[in-house]
Amino acid sequence: AEEGTFTGTWIASGQRQVLEFMPNREVYTFRLQGHVNLKNNLAKTKDFWSECTGLWDDKTGSEGRCAWRSPDGEKAFIVLRGRLMEEDIQVTAEVVGGTGNLQNVEGIFTFTWSSVFTDPNTGSLTAHTENISGEYYIP
């Protein structure tokens, strides 16, 4: 068994697609890619390339699914919950599995986007955080 804590940063960019849903209710899908840099290892890895997709609803919040890929090709699978694409709102994330050295990994972490920029004309989306903080366990 292995367990530990990790902290780090994450910068991601991508696209969002607004859905016509209801008057006065913003709903969109999003897809982000970016770099996760951890100060402590998650298992044996500090750097990951992230790919995420999700649904944002300004009334009910958001859910997202991410795959973080290490330089060696191992993956950690992440579930995001909360108001995902807003500045200064804490997001809770759960690590629900992985591949290679990250197989069967479990964990939880939180972060707050320090900046989120969206361009309504192009649908581009960029977000950055410096306060990832969590723990993991590999049975």
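Model, not experiment: these values are computed from the prediction. Quick note: numbers below take in every heavy atom, side chains included, and nothing from hydrogens, waters or symmetry partners.
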Answer yes if I138 and L42 sit in the same cluster of Ile, Leu, Val, Met, Phe, Trp and Tyr residues linked by side chain heavy atoms under 4.5 Å apart, and no otherwise. yes

Return the CD to CZ distance between E51 and R31, rounded to the nearest 0.5 Å. 5.5 Å

T53 and T29, any side-chain heavy atoms less than 4.5 Å apart: no

Using a 4.5 Å cut-off on heavy atoms from C-beta on, say whether the side chain of E87 contacts that of S114. no

Are I78 and I108 connected, step by step, through hydrophobic side chains (Ile, Leu, Val, Met, Phe, Trp, Tyr) whose heavy atoms are closer than 4.5 Å? no

Nearest 0.5 Å, please: how far is OG1 in T9 from CD in E130? 7.0 Å

Value rounded to 0.5 Å, distance of NZ in K59 from CE in M22: 6.5 Å

If hydrophobic clusters are built by linking Ile, Leu, Val, Met, Phe, Trp and Tyr wherever their side-chain heavy atoms come under 4.5 Å apart, do V116 and V36 end up in the same one? yes

Is there a donor-acceptor pair closer than 3.5 Å between any side-chain N or O of T99 and the backbone N or O of K75? yes

What verdict does the side-chain contact (heavy atoms from CB on, under 4.5 Å) test give for F77 and L102, after you've listed the backbone C-alpha separation in whole Å, the side-chain angles of each residue and the deciding distance to 0.1 Å? CA-CA 9 Å; F77 303 115; L102 296 167; over 6 Å; no

Determine whether a donor-acceptor pair (N or O, by modelled atom type, separation under 3.5 Å) exists between the side chain of T92 and the backbone of R81. no

Transitively linked via ILVMFWY side-chain contacts under 4.5 Å: L80 with Y136? yes

Give a yes or no answer on whether the side chain of S13 reaches the backbone of L32 with a donor-acceptor pair at less than 3.5 Å. no

If Ile, Leu, Val, Met, Phe, Trp and Tyr residues are connected whenever their side-chain heavy atoms lie under 4.5 Å apart, and connections chain through other members, are Y28 and F21 in the same group? no

Considering non-hydrogen atoms only, spot the tightest contact between F6 and L38 and give its length. CD1-CD2, 3.9 Å

Any side-chain heavy-atom pair from F48 and C66 closer than 4.5 angstrom? no

Which residues satisfy the salt bridge (charged side-chain N to carboxylate O under 4.0 Å, His left out) test with D119, sequence neighbours excluded? none

Over all heavy atoms of both residues, which pair between K46 and N41 is shortest? Give the atoms and the distance, please. CG-OD1, 2.6 Å

Check whether any side-chain heavy atom of D57 sits under 4.5 Å from a side-chain heavy atom of R25, and report yes or no. yes

With a 4.5 Å cut-off on side-chain heavy atoms, are T45 and P71 touching? yes

Taking the six-membered ring where the residue is Trp, are the ring centres of W68 and F109 under 6.0 Å apart? yes

Under a 4.5 Å cut-off applied to non-hydrogen side-chain atoms, are T7 and I132 in contact? no

Between CD of E106 and CD of E3, what distance do you get to the nearest 0.5 Å? 11.5 Å

Checking the side chain of N131 only, and the main-chain atoms of T112 only, is there a donor and an acceptor separated by less than 3.5 Å? yes

Distance from H35 atom NE2 to I11 atom CD1, nearest 0.5 Å? 10.5 Å

What distance separates K44 NZ from N101 CG, expressed to the nearest 0.5 Å? 5.0 Å

V79 and R65, any side-chain heavy atoms less than 4.5 Å apart: yes

